[in-house]
Asker: 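Here you go, one structure.
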Amino acid sequence: QVELVESGGGLVQAGGSLRLSCAASGRTFIASPMAWFRQAPGKAREFVAGISRSGSTPYEVDSVKGRFTISRDSTKNMIYLRMASLKPEDTAVYYCAAGEYSGSYGYTPRFQSEYDYWGRGTQVTVSS
């Protein structure tokens, strides 16, 4: 059974940093695209950052670019999201996702429908 488990969330002051981790089990995602999404209260879940099958094409949305960095350690079947210069608007539940996409190694899926496995989420709260 495939399982994704997020960790590393918490309460932090604006300007602070956190590193989220996602541990995958049940199968290897060494050649699968993986991503972080988030859902703020009252809002739809949105794509934050993703990494391609090859791991050579990380992608972060404009609102977090330069502050968040996604990375993967395929040897450990894990991905990470390093978050710096956090803002109150970054407050959300952050979800890890993995996909079965088997196309281009350089493509980074950005839509929820392109991901097949989801974690339960970890809360990130940024106080002003």
Side-chain angles (χ1 to χ4, degrees):
Q1 181 177 354
V2 174
E3 187 175 26
L4 302 177
V5 179
E6 303 94 338
S7 62
L11 173 64
V12 64
Q13 288 188 333
S17 300
L18 285 172
R19 189 182 80 155
L20 304 184
S21 300
C22 172
S25 61
R27 59 157 283 183
T28 179
F29 290 102
I30 191 172
S32 301
M34 298 186 74
W36 290 95
F37 288 75
R38 68 184 179 187
Q39 186 167 20
K43 295 187 177 181
R45 188 156 57 182
E46 63 176 1
F47 174 83
V48 176
I51 195 159
S52 63
R53 296 182 66 199
S54 68
S56 63
T57 317
Y59 181 88
E60 296 93 10
V61 296
D62 287 346
S63 60
V64 307
K65 194 165 293 185
R67 300 188 299 121
F68 291 12
T69 303
I70 187 171
S71 62
R72 73 189 303 164
D73 184 339
S74 297
T75 64
K76 297 181 179 179
N77 220 20
M78 294 187 69
I79 64 166
Y80 306 94
L81 186 68
R82 184 176 299 277
M83 306 185 294
S85 302
L86 282 161
K87 304 175 181 179
E89 51 264 43
D90 295 319
T91 295
V93 177
Y94 284 72
Y95 297 91
C96 172
E100 295 279 6
Y101 175 77
S102 59
S104 169
Y105 273 82
Y107 174 65
T108 303
R110 304 171 195 175
F111 298 98
Q112 295 185 57
S113 58
E114 296 179 290
Y115 290 91
D116 303 280
Y117 306 101
W118 294 84
R120 294 189 176 183
T122 184
Q123 176 70 46
V124 172
T125 303
V126 184
S127 63
S128 57

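One is the number of the first residue; the rest follow in order along the sequence. All values reported here derive from a predicted model rather than from experimental measurement.
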Asker: Can you list the steps and then say if Arg45 with Trp118 is a side chain to side chain contact (heavy atoms under 4.5 Å, CB included)?
Answerer: CA-CA 12 Å; Arg45 188 156 57 182; Trp118 294 84; 3.7 Å; yes
Asker: Taking atom types as modelled, is there a side-chain donor on Tyr107 or Glu114 under 3.5 Å from an acceptor on the other?
Answerer: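 Looking only at side-chain atoms, Glu114 and Tyr107 do form a donor-acceptor pair, the distance falling under 3.5 Å.
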Asker: What are the two closest non-hydrogen atoms of Ser128 and Pro88, and how far apart are they?
Answerer: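 Closest heavy-atom pair between Ser128 and Pro88: CB-CG, 3.9 Å.
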Asker: Please give me the minimum heavy-atom distance between Arg53 and Pro33, naming the atom from each residue.
Answerer: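 Closest approach of Arg53 to Pro33, heavy atoms only: CG-CD, 3.6 Å.
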Asker: Is the shortest side-chain heavy-atom distance between Tyr117 and Phe29 below 4.5 Å?
Answerer: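 Yes, at least one pair of side-chain atoms sits under 4.5 Å.
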Asker: From Met78 CE over to Asp73 CG, what is the distance, rounded to the nearest 0.5 angstrom?
Answerer: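 Spacing of CE (Met78) from CG (Asp73) equals 8.0 Å.
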Asker: Considering non-hydrogen atoms only, spot the tightest contact between Phe47 and Ala35 and give its length.
Answerer: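 In terms of heavy atoms, the two residues are closest at CE1-CB, 3.9 Å.
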Asker: Are the side chains of Ser17 and Arg82 in touch, meaning some heavy atoms are under 4.5 Å apart?
Answerer: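 Answer no - side chains too far apart.
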Asker: Just verifying a value: how many Å separate Leu86 CG and Thr125 OG1, rounded to the nearest 0.5 Å?
Answerer: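 Answer rounded to 0.5 Å: 10.5 Å.
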Asker: How many angstroms lie between CD in Gln123 and OG1 in Thr91, if you round to the nearest 0.5 Å?
Answerer: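 Taking CD in Gln123 and OG1 in Thr91, the distance rounds to 7.0 Å.
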Asker: CZ/Arg72 to SG/Cys22 distance, rounded to the nearest 0.5 angstrom?
Answerer: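 If we round to the nearest 0.5 Å, Arg72:CZ and Cys22:SG are 10.5 Å apart.
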Asker: Around atom NZ of Lys65, are there more than 12 heavy atoms of other residues, nucleotides or ligands at under 6.0 Å?
Answerer: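 Enclosed.
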Asker: Crowded around Ile30 CD1? As in, over 12 foreign heavy atoms under 6.0 Å?
Answerer: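 No, not enclosed.
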Asker: Using atom types as modelled and distance alone, determine if a side-chain donor or acceptor of Glu6 lies under 3.5 Å from a backbone N or O of Thr122.
Answerer: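 Side chain of Glu6 to backbone of Thr122, a donor-acceptor pair under 3.5 Å: no, none is there.
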Asker: Do the side chains of Tyr94 and Leu11 join up, straight or via other hydrophobic residues, at under 4.5 Å, putting them in one cluster?
Answerer: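 Shared cluster, no.
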Asker: Rounded to the nearest 0.5 Å, what separation is found between the OG1 atom of Thr108 and the CD1 atom of Ile51?
Answerer: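 Thr108 atom OG1 to Ile51 atom CD1 measures 7.5 Å (nearest 0.5 Å).
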Asker: Could you tell me whether the side chain of Ser32 reaches within less than 4.5 Å of the side chain of Tyr101, counting heavy atoms only?
Answerer: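 No, side chains not in contact.
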Asker: If you define the side chain from C-beta out and look only at heavy atoms, does anything of Gln112 sit under 4.5 Å from Tyr95?
Answerer: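 A side-chain contact is absent here, since even the closest heavy-atom pair is not under 4.5 Å.
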Asker: At what distance, to the nearest 0.5 angstrom, does OG of Ser71 lie from CZ of Arg19?
Answerer: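 Going from the OG atom of Ser71 to the CZ atom of Arg19 covers 7.0 Å.
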Asker: Assess whether atom CZ of Arg120 is packed by more than 12 heavy atoms of other residues, nucleotides or ligands within 6.0 Å.
Answerer: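 Open: at most 12 neighbouring heavy atoms sit under 6.0 Å from CZ of Arg120.
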Asker: Find out whether Pro58 and Thr69 are in side-chain contact, i.e. whether some heavy atom of one side chain is under 4.5 Å from a heavy atom of the other.
Answerer: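 Answer no - side chains too far apart.
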Asker: What is the minimum heavy-atom distance between Glu60 and Ala49, and which atoms define it?
Answerer: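 In terms of heavy atoms, the two residues are closest at CG-CB, 3.8 Å.
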Asker: Do Val93 and Phe37 touch side chain to side chain, with heavy atoms closer than 4.5 Å?
Answerer: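 No, their side chains stay 4.5 Å or more apart.
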Asker: Ion pair present between Glu89 and Lys43, side-chain N to carboxylate O less than 4.0 angstrom?
Answerer: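 Here Glu89 does not pair with Lys43 in a salt bridge, since their nearest N and O are not under 4.0 Å apart.
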Asker: Is the closest side-chain heavy-atom distance between Leu20 and Arg38 below 4.5 Å?
Answerer: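 Answer no - side chains too far apart.
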Asker: Could you state whether Val124 and Val5 fall into the same hydrophobic cluster, counting links through intermediate Ile, Leu, Val, Met, Phe, Trp or Tyr residues with side-chain heavy atoms under 4.5 angstrom apart?
Answerer: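 They do not share one cluster, since no chain of ILVMFWY contacts under 4.5 Å joins Val124 to Val5.
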Asker: Same hydrophobic cluster for Tyr80 and Met34, using side-chain heavy-atom links shorter than 4.5 Å among ILVMFWY?
Answerer: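 As far as the 4.5 Å side-chain criterion goes, Met34 and Tyr80 are not connected within one cluster.
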Asker: Evaluate Lys87 against Asp90 for salt bridge (Lys or Arg N to Asp or Glu O under 4.0 Å), listing each step before the verdict.
Answerer: CA-CA 5 Å; Lys87 304 175 181 179; Asp90 295 319; over 6 Å; no
